[in-house]
Amino acid sequence: MTGSRPFAPTDDDLSQCVRCGLCLEHCPTYAETRLETQSPRGRLYLIRAISDGVIEPTPNALGHLDSCLQCRNCEAVCPSGVPYGRIMEQARADALGRGAAPFSWRLRALFLREVIARPGRLRMFAAALRASQRVGLLSLAQRLRFVGTSATLAPRTRGQPFTDTGLIARPEGEERARVAMLSGCIMPLAYGDVHRATARVLARNGCAVSAPAAQGCCGALHAHNGDLDTARALARRNIDAFLNEAPDAIVVNSAGCAAAMKEYGDLLTGDAAYRDRAREMSALVKDVHEYLVGLPFEAPTETLDLSVTYQDPCHLAHAQRISAAPRQVLNAIPGLRLAEMEDADRCCGAAGVYSFTQAEMSIRLLDEKMLDALNTGADVIATANPGCLAQLEAGVRRGGGRARVRHVIELLDRAYSATGI
Ligand code: SF4
Ligand code: SF4
């Protein structure tokens, strides 16, 4: 592919793949289709072939790249250290930049840039979505086939939106740290309760918690879709907003956002004005469970008599390589029994906007995930990412049992406050 490559030297990255195939069985889309073109190795081969001009970036070829979940399971198991996520983002950016991407792909980029990245428009969009969900308009439109199945996977609001900024929680007892919390874009609108629980848990553990008013969307969805320019603009805005507060840590309860923010240093490596600050910012970013375990957090004394199964968000387990910390948090809750499901770190099919753009594959993966969760007999499915929360809640609505879906931090918060879930 042509074009500037400020993000990374894709040729160097690509040449690390020795085509051993060890990643294949770990790839959800390959497991479903058994097609080489739907595997990491096949996709890397396609990117190389398009890059070398051996094949054209036809809609068919790009469709195989677009059907990738970007779950990065392949990256986590690759013995050669192929930076698959970075390669895929750059390949999508090249396709978008040279106008080869299909119309639906460009439309998605427009929506992400003009709605998701703009808080005012996103609030209006979310209000319209909420209203149509409340009166059953979306379900009706889906039954009449005006919209696809993906409409039923849209997040449902949990509690009031989170709009707090500035100092949002004072430390209980002696101050141990000053932390800044990411609000993000969709999370404060759909899962305001999770943000409030996170602030309470951090305060309980001696943190003064702030939410910088000037922060915004982390840019993860834009980067995954190949709109690296918008992702960089959002990263710069967050770097200014967070570093101006000089926090001890930047705590994030959304796995996808934390993964993206930990990679701001890479994303802005070609930006002389922001390169150093981007690295400084990335070093401060902590997943909330990682942060709590490192503090260390106070074990709750109240009992939660619950059986809980944990779904690893891909961008926590594979991108950030964090799988023990959320389990340590759950295991610290008295009375809580952790019932591991099969393939807990296999993608649930949410994958950012994947559930809307690739609804069929998304639902196949979701139905398998719900079966695995159901087999544990758990009362609660816990996870740590807004996309996974929305997808698993949709799985329950689709008939995947009666389990409640909760963020891990919500459970810890309930255990501290001795309130039921
Ligand atoms: S990406 Fe890694 S694991 Fe997969 S074929 Fe290439 S070298 Fe092997
Ligand atoms: S990121 Fe996930 S879906 Fe994409 S090739 Fe790798 S394992 Fe497969």
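Both ligands and their constituent atoms are indexed starting at 1 by order of listing. Throughout, numbering of the chain's residues begins at 1 and tracks the sequence.
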Peer 1: Any idea which part of Leu24 is under 4.0 Å from ligand 1, heavy-atom wise: side chain, backbone, both or neither?
Peer 2: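 Leu24 to ligand 1: no contact under 4.0 Å from either part.
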Peer 1: Any idea which protein heavy atom is nearest atom 7 (S) of ligand 1, and the distance to it?
Peer 2: Val18 N, 3.4 Å
Peer 1: When the side chains of residues 212-221 are checked against the rest of the protein, which donor-acceptor pairs come out under 3.5 Å, sequence neighbours left out?
Peer 2:
{"from": "Gln215", "atom 1": "OE1", "to": "Ser183", "atom 2": "N", "distance (Å)": "2.8"}
{"from": "Gln215", "atom 1": "NE2", "to": "Met181", "atom 2": "O", "distance (Å)": "3.1"}
{"from": "Gln215", "atom 1": "NE2", "to": "Pro212", "atom 2": "O", "distance (Å)": "3.2"}

Peer 1: For Arg106 and Ala101, indicate whether the former's side chain and the latter's backbone hold a donor-acceptor pair under 3.5 Å.
Peer 2: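 It does hold such a pair.
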Peer 1: What is the distance from atom SG of Cys347 to atom CE of Met361, rounded to the nearest 0.5 Å?
Peer 2: 10.5 Å
Peer 1: Please list the nearest protein heavy atom to atom 6 (Fe) of ligand 1 with its residue and the distance rounded to 0.1 Å.
Peer 2: Cys17 SG, 2.4 Å
Peer 1: Any idea which atoms of ligand 1 are less than 4.0 Å away from a heavy-atom of Cys20?
Peer 2: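 Once the distances to Cys20 are compared, the set is 3 (S), 5 (S), 7 (S), 8 (Fe).
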Peer 1: Check each atom of ligand 1 against the heavy atoms of Leu44 and keep those under 4.0 Å away; list them by number with element.
Peer 2: 1 (S)
Peer 1: List the atom of Asn205, the atom of Val201, and the distance in Å for their closest heavy-atom pair.
Peer 2: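 So the minimum-distance heavy-atom pair works out to ND2-O, 2.9 Å.
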Peer 1: Is a salt bridge present between Glu32 and Arg346, judged by a nitrogen-to-oxygen distance below 4.0 Å?
Peer 2: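 Salt bridge: yes.
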Peer 1: Which atoms of ligand 1 are found less than 4.0 Å from any heavy atom of Ser80?
Peer 2: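 Listed by number with element, the hits are 7 (S).
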Peer 1: Atoms of ligand 1 less than 4.0 Å from Pro79 heavy atoms?
Peer 2: 3 (S)
Peer 1: If the plane angle is over 60° it's perpendicular, under 30° parallel, otherwise tilted; pick one for His224 and His315.
Peer 2: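 The arrangement is tilted - the two ring planes meet at 30° to 60°.
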Peer 1: With a cut-off of 4.0 Å, which atoms of ligand 2 are near a heavy atom of Arg43?
Peer 2: 3 (S), 4 (Fe), 5 (S), 8 (Fe)
Peer 1: Checking Glu75 side chain against Gly85 main chain: does a donor-acceptor pair fall under 3.5 Å?
Peer 2: yes
Peer 1: To the nearest 0.1 Å, how far is atom 4 (Fe) of ligand 1 from its closest protein heavy atom, and which atom is that?
Peer 2: Cys23 SG, 2.3 Å
Peer 1: May I ask you to check whether Cys78 brings an N, O or S atom to under 2.8 Å from atom 6 (Fe) of ligand 1?
Peer 2: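 So Cys78 does not bind atom 6 (Fe) of ligand 1 by this criterion.
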Peer 1: Does the pair Gln90 and Asp94 meet the rule for a side-chain hydrogen bond (donor to acceptor under 3.5 Å, both in side chains), with working shown?
Peer 2: CA-CA 6 Å; Gln90 186 61 53; Asp94 287 349; 3.0 Å; yes
Peer 1: Counting only protein N/O/S, how many atoms fall short of 2.8 Å from atom 2 (Fe) of ligand 2?
Peer 2: 1
Peer 1: Minimum heavy-atom separation for Leu62 to Pro57, with atom names?
Peer 2: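 Leu62 and Pro57 have their closest heavy atoms at CD1-O, 3.6 Å.
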Peer 1: Report, in ascending order of atom number, the atoms of ligand 1 lying under 4.0 Å from any heavy atom of Gly21.
Peer 2: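 Contacts of ligand 1 toward Gly21, numbered from 1: 5 (S), 8 (Fe).
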Peer 1: For the aromatic rings, using the six-membered ring if either is Trp, is the centroid distance between His318 and His26 under 6.0 Å?
Peer 2: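 Here the rings of His26 and His318 have centres that are no less than 6.0 Å from each other.
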